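Okay, here's the structure, questions in a sec.
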Amino acid sequence: MKLEGKVTVVTGAASGIGRGIARRFADEGAKVVCADIDEAGVQAVADEIGGIGVVTDVSVESDVQRLTKTAEESYGDIDLFFSNAGIGTSGGVEVPDEGWQRIWEINLVSHIYAARAVLPKMIERGHGYICSTASAAGLLTQIGSAPYAVTKHAAVALAEWIAVTHGDQGIRVSVLCPQAVRSKMTAGGGGVASVDGMLEPEDVAEAVVQAIEREQFLILPHPEVLTYMQRKTSDYDRWLRGMRRFQADWRSRQSSDN
Ligand SMILES: NC(=O)c1ccc[n+]([C@@H]2O[C@H](COP(=O)([O-])OP(=O)(O)OC[C@H]3O[C@@H](n4cnc5c(N)ncnc54)[C@H](O)[C@@H]3O)[C@@H](O)[C@H]2O)c1
């Protein structure tokens with residue numbers, strides 16, 4: 001799909017990857033509605049690109065409905081919804097229930113709310129595009145964060161399901177799965193995800209625009225991720241052994257650095 005003239009919504013648009021995507025969509029000639037929980041940040045980006053800023057908590061369904069209503073009233077039918085907002089956390093199964101619940105609501109349930117808000121009209125019109133930001137962690141794993149790995153896998157699963165179920169009704173779906181990208185989330189360093197290099201949000205936005213033009217499902221700004229996926233699916237146990245070695249090396253490097 002060409003973005004020129006299209007009505008788009010981008011969540012998490014106040015910073016990082018979402019801001020990069022919002023700016024690039026505007027450069028491509030799209031009408032951009034920016035959404036974020038960060039009021040000052042989202043307004044600044046909207047002003048900069050000549051779009052609209054809507055304060056939205058993506059984990060609250062009424063906020064997401066209000067966002068889509070504002071977009072429709074301002075610009076018309078939504079052509080593309082980019083559900084990008086997300087959070088990180090560290091820890092394993094010991095993370096308290098409230099922590100699991102919060103990241104689940106933001107990294108998965110927000111994508112359900114977005115799809116619920118836009119899919120019926122898109123299906124009725126026979127076309128529409130839904131994008132979401134998961135992570136390479138949603139295809140592989142996240143060393144040091146069970147909640148992140150699990151919720152990002154769930155986000156990939158939802159995107160796949162929508163593509164399979166609604167593809168023949170004209171719905172296009174893409175899922176963005178980067179490793180480390182420079183943003184607030186990686187301000188303290190990209191952690192283990194930065195072994196293949198830290199990309200800039202502009203690099204990610206370029207990969208996104210190219211994939212949308214080709215209507216390609218999987219967006220991998222770090223191409224190495226495809227090789228890792230292939231290794232995982234070709235021999236799961238070998239992949240798990242390799243990841244355990246990788247984790248052990250990473251942990252010992254971390255403790256010798258500290
Ligand atoms: N930076 C990376 O290395 C990396 C890698 C893979 C995937 N991701 C994913 O990319 C997406 C964007 O993250 P980023 O790296 O740009 O981080 P970021 O922290 O710079 O941006 C995230 C934005 O989402 C907003 N946000 C958080 N919770 C929200 C909520 N409940 N409602 C509305 N907005 C909310 C924040 O205010 C912020 O502006 C996330 O889904 C993240 O998991 C990031």
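Source: prediction; values computed, not measured. Heads up: numbering here begins at 1 and tracks the sequence. Every number for a ligand or one of its atoms is a count from 1 in the order of the listing.
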Any idea which atoms of ligand 1 are less than 4.0 Å away from a heavy-atom of K184? 19 (O), 20 (O)
Which atoms of ligand 1 have any heavy atom of T56 under 4.0 Å away?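 What qualifies from ligand 1 is 32 (N), 33 (C).
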The atoms of ligand 1 lying under 4.0 Å from a heavy atom of A180, numbered in the order shown, are 3 (O)
Among all the protein's non-hydrogen atoms, which is closest to atom 13 (O) of ligand 1, and how far away is it? M185 CE, 4.0 Å
Shortest heavy-atom approach to atom 5 (C) of ligand 1 - which of R102, R19, E39, Q179: Q179
Nearest heavy-atom pair of T141 and A149: which atoms, and what distance? OG1-CB, 3.8 Å
Where's the contact between T186 and ligand 1, heavy-atom distance under 4.0 Å: side chain, backbone, both or neither? side chain
Ligand-residue contact atoms, ligand 1 with A14, heavy atoms, under 4.0 Å: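 Matching atoms, with element in brackets: 39 (O).
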Protein heavy-atom partner closest to atom 36 (C) of ligand 1 - residue, atom, separation in Å: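 The answer is D36 OD1, 3.5 Å.
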So which protein heavy atom does atom 28 (N) of ligand 1 come closest to, and at what separation? I87 CG2, 3.9 Å
Checking T11 side chain against A85 main chain: does a donor-acceptor pair fall under 3.5 Å?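 Yes; at least one donor-acceptor contact below 3.5 Å.
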Hey, does the side chain of H222 reach the backbone of Q179 with a donor-acceptor pair shorter than 3.5 angstrom?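 Yes, because the side chain of H222 sits within donor-acceptor range (under 3.5 Å) of the backbone of Q179.
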For atom 32 (N) of ligand 1, closest protein heavy-atom neighbour: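 Looking only at protein heavy atoms, the one closest to atom 32 (N) of ligand 1 is V58 N, 2.9 Å.
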Can you tell me the protein heavy atom closest to atom 16 (O) of ligand 1 and the distance? I17 N, 2.8 Å
For atom 20 (O) of ligand 1, which protein heavy atom lies nearest, and how many Å away is it?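 For this ligand atom, the closest protein heavy atom is S15 OG, 2.8 Å.
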Check F25 against L80 and note the closest heavy-atom contact, atom names and distance.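 Reported closest heavy-atom pair: CE2-CD2, 3.7 Å.
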Looking at R24 and E202, does any basic side-chain N land under 4.0 Å from a carboxylate oxygen?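 No.
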Less than 4.0 angstrom from a charged side-chain N to a carboxylate O is my criterion; do E124 and K121 meet it?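 Not counted as a salt bridge, because no side-chain N and carboxylate O are separated by less than 4.0 Å.
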Less than 4.0 Å between a side-chain N and a carboxylate O, is that true for R116 and E61?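 Salt bridge: yes.
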Below 4.0 Å from ligand 1: does a non-hydrogen atom of N84 turn up there or not? yes
Closest non-hydrogen atom pair, S110 against V58: CB-O, 3.3 Å
Considering distance alone, does some N or O of V181 sit under 3.5 Å from an N or O of ligand 1? yes
From G12, G20, A85 - option closest to atom 35 (C) of ligand 1 by heavy atom: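 Considering heavy atoms of G12, G20, A85, the nearest to atom 35 (C) of ligand 1 sits in A85.
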Please check this pair: side chain of W239 against backbone of T233, looking for a donor-acceptor N/O pair closer than 3.5 Å.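 Judged by distance alone, no pair lies under 3.5 Å.
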Could you establish whether K152 and ligand 1 come within less than 4.0 Å of each other, counting only heavy atoms on the residue side? yes
Spell out, as yes or no, whether a donor-acceptor pair under 3.5 Å connects the side chain of H153 to the backbone of L140.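 Between the backbone of L140 and the side chain of H153 there is a qualifying donor-acceptor contact (under 3.5 Å).
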Exam field: side chain T68 to backbone Q65, donor-acceptor pair closer than 3.5 Å: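 Confirmed, T68 side chain pairs with Q65 backbone.
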Any N or O on P178 sitting closer than 3.5 Å to an N or O of ligand 1? no
Tell me, which protein residue and heavy-atom name are nearest atom 43 (O) of ligand 1, and how many Å apart are they?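 For this ligand atom, the closest protein heavy atom is Y148 OH, 2.7 Å.
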Are A134 and ligand 1 in contact, using a heavy-atom cut-off of under 4.0 Å?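 A134: in contact with ligand 1 (<4.0 Å).
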Quick one: look up the protein heavy atom nearest atom 29 (C) of ligand 1 and list residue, atom name and how far away it is.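 In this structure, atom 29 (C) of ligand 1 has I37 CG2, 4.0 Å as its nearest protein heavy atom.
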For ligand 1, is there an N or O atom under 3.5 Å from any N or O atom of S59?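 There is no such contact.
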Would you indicate which of G86, A35, G16 comes nearest to atom 22 (C) of ligand 1 when only heavy atoms are counted? G86
N/O separation below 3.5 Å, I106 to ligand 1: no
Locate the shortest heavy-atom distance separating A30 from T8; write the atom from each residue and the value.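 Scanning both residues, the minimum pair turns out to be CB-CG2, 4.0 Å.
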Return the minimal non-hydrogen interatomic distance between D57 and V64, and the atom names on each side.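 The pair with the smallest heavy-atom distance is O-CG2, 4.4 Å.
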Any idea which heavy atoms bring E215 and Y129 closest together, and the distance? CA-OH, 3.3 Å
Which ligand 1 atoms does D57 reach within 4.0 Å, using its non-hydrogen atoms? 30 (C), 31 (N), 32 (N)
